[in-house]
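Every chain is numbered from 1 and lettered A, B, ... according to where its sequence line falls, protein lines coming before strand lines.
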Amino acid sequence: MNRERITRWLVSGPPFVFMVVFFVLPALIMVVASFRFPGEHGGLAPMFENGTWQFTLETYQFFFSDFIYTEIFLKSFLIAGLTTVICIAMAYPVALLITRVPKRFRDVMILLVVLPFASNFLIRVYAWMIILGPQSAFSIAINSVVTAFGFEPVTLLFSPFAVIVGMVYVHLPFMVLPLYTNLEKHDPILLDAAQDLGANAWKRFWKVTWPLSLPGVYAGSALVFIPVLGMFAVPDILGGTGDILIGNLIKEQFLGTRDWPFGSMLSIMLTLAVLAIAALAMRFSRKSLSYA
Amino acid sequence: MALLELRNLTRRFGNLTAIDNVSLSVEAGEFFTLLGPSGCGKTTILRMIAGFDLPDGGEILLDGKDIAATPPEKRPLHTVFQSYALFPHLSVADNVAFPLRMSKVSEQETRQRVKEMLETVHLADKSDAFPHELSGGQKQRVALARGLVNKPRLLLLDEPLGALDHKLREEMQIELINLQRNVGVTFVFVTHSQPEALALSHRIAVMNEGRVEQMDSPANIYSRPSNRFVADFIGDINMMNAQIDVVDGMQLRLSVAGLGAIVAPAHIETSTGQAGAFAIRPEQVVIGAPDEHAELANRFSGTLRDFLYVGDVTTYKVEVTNGTLIQALLPNAAPGKARFFELGDKVTVAWSSESGMFLHE
Ligand SMILES: Nc1ncnc2c1ncn2[C@@H]1O[C@H](COP(=O)(O)OP(=O)(O)OP(=O)(O)O)[C@@H](O)[C@H]1O
Ligand SMILES: [Mg+2]
């Protein structure tokens, strides 16, 4: 009995300590920071001064007093959602294709999917600046079509469109890999059985492949949706002045205006929003995943 | 007109002719079995009937119409796969409802028919369970229910009992016979187990290396195998090389090297001088003391070399003068009499002139 308890602590202890030191403590520091005053020259004002504790709800009041912050949150979630949906739509055929090619081609294709990681992230995003720039062949081609239909020429760069293109481009591999891992495990006999029982190709996909792939879809969505919310480099480089997302806002508080309490509050709001969405998604998906 | 007819069906994989000119027909309401050793092409035939594989030659007719151009989802037949292939994300009821939903049966009727079908296979209480919560036998029954629920013209079963243990297998065999009789759906059943084929089928096609060796009722397959392969594959049999000395109406006089003459019934086309084999089932051979069984036409003395007691019967192996081991099977009707003879005993094996058969090479 006693021995068992000791073993249990020995086994679960290190991960527990790890979680506390690297996750719980930093989160607590941030929670505390969000209730403090900003320092005179940025950073944080002292916590204990003039004989009293110096805490305030100012940052939270400020957040809810101006709709612009809620709007940036909503816009960020919209862009993250769109990016996720586009990633699913683009990654699914790729992942499916990889499972269908002969085994010896699969590793090569996986390698091609992760190959972009071999070059610098910023350089790859800057490359899109050139591709979407007004002088690029891509822009010129699009605009020749647009003007042919009698519309005004469009600027692709520095727009929400460019931001989404960049976001999708950066995060696509994070959707392909979990989807492939999932699809690869499907027993092909299930598709034969479905066809045998009267399902055409369309029904076979929606009644068998898609529901069985949901765990992969959820995993990929988490790997895309959450990082997109925190991403500031892509909107910085490809977005216009109006295309500020949460990531930019938070980065600005720490590196620009140096308003740490406000930045901490924003991070906490973001974390809470993501947790709320995750909880909703889990509730929604538990039923469909109970067989897994 | 036959429900299903295969005409000169051929399928090649590279150099291998997996199905070699197979012709057979299955009548409506029949329990038809394809029986043969592993790799003889049983699954390949089923896959071609279901439409997952296309023949290189020959025709598949359903109700007299060639179905070569019909894709699998449009063929009025279903398959029960050896691995069951239940949909893991669907409950038992939804698995069974799948074919009904595919053919756009109303939701109300679907529910009704699923309920009835699950009652038929004794799984009414499991309708909300998921496949991973079921035992092997229960999964098997779900697969059967799913294949039968929308009354296909034909149900193809590829070794459906292969994954079950012995006891469950026998239970399911009985259920399968009853089910087929009750729902009236034609079964084409595949197995490599000959007792299973004999127990279940109305008719059996014995296959070997892509060809049909014999097609007949279980009783005829067992008692009148048409060649050495079938005789050897179905049940236990004693077999000795033999030559025809005399054809005398319905009787043959055979000679077996080193043993002597055997009188046997003639039930296949034969002529004097032909070489082949004499074959006789162990249960047709009696064993006795050296002076016993004088009334039987075929009588040979030998030495008891081996016996196998399996409860209800004992199999004796007797070495006769040419060194062949002849098996005789004796029921242990009287308790405590399992061993009539001791190893090394001089004994007689004998059988009547009506027993056994001559087989061509
Ligand atoms: N897709 C294929 N490609 C190449 N050869 C194949 C293919 N499918 C089957 N074969 C060959 O055809 C022959 C018949 O195979 P089949 O699966 O029909 O045998 P079976 O009678 O069902 O055997 P088992 O009892 O082991 O299931 C085998 O020699 C097999 O190796
Ligand atoms: Mg097979």
Checking side-chain contact (heavy atoms from CB on, under 4.5 Å) against Asp196(A), which of Glu73(B), His78(B), Arg75(B) comes through?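 Result for side-chain contact (heavy atoms from CB on, under 4.5 Å) with Asp196(A): His78(B).
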
State, yes or no, whether a side-chain contact exists between Leu197(A) and Phe87(B) at a heavy-atom distance under 4.5 Å.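 The answer is yes; the side chains approach within 4.5 Å.
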
Side-chain donor-acceptor pairs under 3.5 Å in residues 86-107 of chain A, sequence neighbours left out?
| from | atom 1 | to | atom 2 | distance (Å) |
| --- | --- | --- | --- | --- |
| Tyr92(A) | OH | Ser213(A) | OG | 2.5 |
| Thr99(A) | OG1 | Leu96(A) | O | 2.6 |
| Arg106(A) | NE | Ile98(A) | O | 3.4 |
| Arg106(A) | NE | Val101(A) | O | 3.3 |
| Arg106(A) | NH2 | Thr99(A) | O | 3.2 |

Side chain, backbone, both or neither of [X] within contact of chain A (heavy atoms, under 4.5 Å):
X: Ser83(B); result: side chain
X: Arg146(B); result: both
X: Leu86(B); result: backbone
X: Ser103(B); result: neither

I need the Met102(B) CE to Arg204(A) CZ distance, nearest 0.5 Å.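 Here the rounded value is 10.5 Å.
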
Could you tell me which non-hydrogen atom of Leu190(A) sits nearest to which non-hydrogen atom of Pro88(B), and how far apart they are?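 Nearest heavy atoms, Leu190(A) then Pro88(B): CD1-CD, 3.6 Å.
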
In this structure, are over 12 heavy atoms from other groups packed under 6.0 Å from [X] atom [atom1]?
X: Phe117(A); atom1: CZ; result: yes
X: Glu107(B); atom1: CD; result: yes
X: Arg169(B); atom1: CZ; result: yes
X: Phe121(A); atom1: CZ; result: yes

Could you have a look at Asp187(A), Asn200(A), Ile189(A), Asp192(A) and say which one has the most heavy-atom pairs with chain B under 4.5 angstrom? Asp192(A)

How far apart are the C-alpha atoms of Arg101(B) and Lys207(A), what are their side-chain angles, what is the distance that settles it, and do they pass the side chain to side chain contact (heavy atoms under 4.5 Å, CB included) test? CA-CA 11 Å; Arg101(B) 296 200 169 124; Lys207(A) 298 289 177 195; over 6 Å; no

